[in-house]
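What follows is a single structure, written as structure tokens, with notes after it.
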Amino acid sequence: ALLQWAGYRRLAVFVWIRTWAVAGLFMVAVILHQALRSTLHRLILRGEVGSDEARTFYASARRLLDYVGSIIVFILTLDLTGLRAPVVNALSFRMATLGQQPLTPLVLIEAAAIVAGFIFVAQLLRDYLGYQVYPALNVDPGVANAIDTFIIYALAAVGGLAALEAVGLGVGTITLFAGAFGIGLGFGLQSLANNLASGMTIIFSRALRRGDIVTVGDTIGVVQEVGIRATRMRTRDDVDYLVPNAEFISGKIINWTRSNPHARLHVPLGVSYGADPVRVRQILEQVALRIPTVEKFPAPEVWFVGFGDSSLNFELVVWIGHDLMTRPDRTKALFLWAIEPELRKRGIAIPFPQRDLHVRSGTLNVAITHPDDPQEA
């Protein structure tokens with residue numbers, strides 16, 4: 001205002017645009033951004049925490065909003081401050097040439113922005129399907145996972161092609177990249193190609209689905225995500241375990257939830273000789289039926305599996321939900337904590353190894369020396 005009053009009108013406009021106008025732009029952007037996020041939160045989560053699918057869809061919508069808003073504010077800021085042309089000129093130096101098109105940092109930034117935009121849109125579409133469409137149509141989780149994977153990679157591929165086209169790289173450049181990829185595939189990417197092909201086979205054949213409980217080698221876990229290269233599992237110790245997809249195709253995998261919603265658990269137990277096996281069976285069956293996680297149909301069974309060196313050996317066989325099979329040791333401990341007091345109350349002992357020592361007759365000379373008197377024996 002002082003510069004305007006003093007007659008320096010152009011200087012006043014220059015200073016105003018680069019200070020208060022930029023500050024006002026950021027203020028409006030923050031207020032508008034917060035209003036849009038509040039609207040999304042109210043429409044999607046409806047003022048509550050919401051389901052996992054709703055929270056995931058809200059997070060995707062918020063990421064896309066942040067991405068678009070950041071680009072718009074950045075471009076407007078450059079225009080207001082007059083830095084757009086200098087920044088474009090600084091990023092337009094030639095680094096290389098692909099065909100007839102110069103490769104510059106600005107070209108790479110534009111291509112990356114287009115690809116990122118397509119990826120954010122693909123994630124938003126995938127999460128919207130999981131939030132509204134799949135539950136309404138009762139889509140099988142395996143089919144839903146295949147559709148989600150196809151959407152992500154298809155839109156990412158379309159975004160890559162759009163980025164190449166937008167920066168002026170035509171079909172000839174794509175052919176060049178395809179040839180380079182083929183050479184790399186022949187020299188050192190066979191394992192990657194194998195995992196990619198195995199991932200597509202798993203996804204579209206629905207051999208594995210998110211939520212399946214599988215055993216790979218000595219590791220048991222819950223499938224969290226079937227990716228294009230590797231499958232992410234969460235073990236019973238809450239550790240993420242990445243398994244290359246080729247292992248699921250070529251190796252031996254146990255899928256606990258493929259065809260049956262329940263799994264059978266074996267709890268081994270030994271009691272001392274002299275105990276009534278019929279009484280032991282009754283006690284174990286009663287204990288198993290009192291545990292709420294045990295399925296009543298099929299009913300628990302007690303198997304008399306053999307005569308041990310020091311015990312009569314039994315196995316308590318029960319059907320439980322697959323979620324408990326992710327931690328079999330802890331589940332067995334639950335049964336043992338319940339069984340031991342009942343056996344002790346009924347007077348049935350848990351045996352320990354016993355050995356008979358036979359001493360043959362003979363002469364045994366023993367010398368005892370007192371530590372204070374070495375001459376005394």
query: Are the side chain of Tyr273 and the backbone of Gly308 linked by a donor-acceptor contact shorter than 3.5 Å?
result: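 Flag set: sc Tyr273 to bb Gly308 pair under 3.5 Å.
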
message: I'd like to know if the side chain of Tyr131 and the backbone of Ile44 have a donor-acceptor N/O pair within less than 3.5 Å.
response: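 Confirmed, Tyr131 side chain pairs with Ile44 backbone.
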
- prompt: Closest approach of Val318 and Pro300, non-hydrogen atoms and distance?
  reply: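 Between these two residues, the closest heavy atoms are CG1-CB, 3.7 Å.
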
- request: Determine the minimum heavy-atom distance between Ala90 and Phe93, stating which atoms define it.
  value: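 Minimum heavy-atom separation between Ala90 and Phe93: O-CD2, 3.3 Å.
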
By ring pair (Phe, Tyr, Trp, His ring centres under 6.0 Å) - contacts of [X] (at least two apart):
{"X": "Tyr134", "value": "none"}
{"X": "Tyr128", "value": "Phe57"}
{"X": "Phe120", "value": "Tyr67"}
{"X": "Phe118", "value": "none"}

For residues 27-35, which side-chain donor-acceptor pairs fall under 3.5 Å, sequence neighbours excluded?
residue: His33; atom: NE2; partner: Asp66; partner atom: OD1; Å: 2.4

- prompt: Listed by chain and number, what are the side chain to side chain donor-acceptor pair (under 3.5 Å) partners of Arg84, not counting sequence neighbours?
  reply: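 Partners of Arg84 under the side chain to side chain donor-acceptor pair (under 3.5 Å) test: Asp79.
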
message: Applying side chain to side chain donor-acceptor pair (under 3.5 Å), can you list everything that pairs with Ser60, at least two apart in sequence or on another chain?
response: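 Once residues adjacent in sequence are excluded, the partners of Ser60 under the side chain to side chain donor-acceptor pair (under 3.5 Å) criterion are Arg63, Asp127.
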
Once you round to the nearest 0.5 Å, how far does [atom1] of [X] lie from [atom2] of [Y]?
{"X": "Leu343", "Y": "Leu269", "atom1": "CG", "atom2": "CG", "result": "6.0 Å"}
{"X": "Leu316", "Y": "Lys332", "atom1": "CG", "atom2": "NZ", "result": "11.0 Å"}
{"X": "Leu265", "Y": "Glu295", "atom1": "CG", "atom2": "CD", "result": "12.5 Å"}
{"X": "Ser70", "Y": "Ile75", "atom1": "OG", "atom2": "CD1", "result": "11.0 Å"}
{"X": "Ile119", "Y": "Ile114", "atom1": "CD1", "atom2": "CD1", "result": "12.5 Å"}
{"X": "Asp276", "Y": "Ile348", "atom1": "CG", "atom2": "CD1", "result": "7.5 Å"}

- request: Under 4.5 Å between side-chain heavy atoms, chaining through other members, with only Ile, Leu, Val, Met, Phe, Trp and Tyr counted: pull out the rest of the cluster around Phe297, sorted by chain and number.
  value: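 Direct or chained contacts put Phe297 with none.
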
Shared-cluster residues of Leu289, by chain and number - hydrophobic side chains joined below 4.5 Å: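 Leu289 shares its hydrophobic cluster with no other residue.
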
Mind checking salt bridge (Lys or Arg N to Asp or Glu O under 4.0 Å) for [X] and listing every partner two or more places apart, or none if nothing turns up?
{"X": "Arg346", "answer": "Glu342"}
{"X": "Arg344", "answer": "Glu340"}
{"X": "Arg279", "answer": "none"}

- prompt: Are any of the side-chain nitrogens in Asp240 or Arg232 under 4.0 Å away from the carboxylate oxygens of its partner?
  reply: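 Judged by the 4.0 Å cut-off on N to carboxylate O distance, Asp240 and Arg232 do form a salt bridge.
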
Taking [Y] as the starting point, is it possible to reach [X] by hopping between hydrophobic residues whose side chains are less than 4.5 Å apart?
{"X": "Val239", "Y": "Ile213", "result": "no"}
{"X": "Phe304", "Y": "Val267", "result": "yes"}
{"X": "Val223", "Y": "Leu242", "result": "no"}
{"X": "Trp303", "Y": "Ile320", "result": "no"}

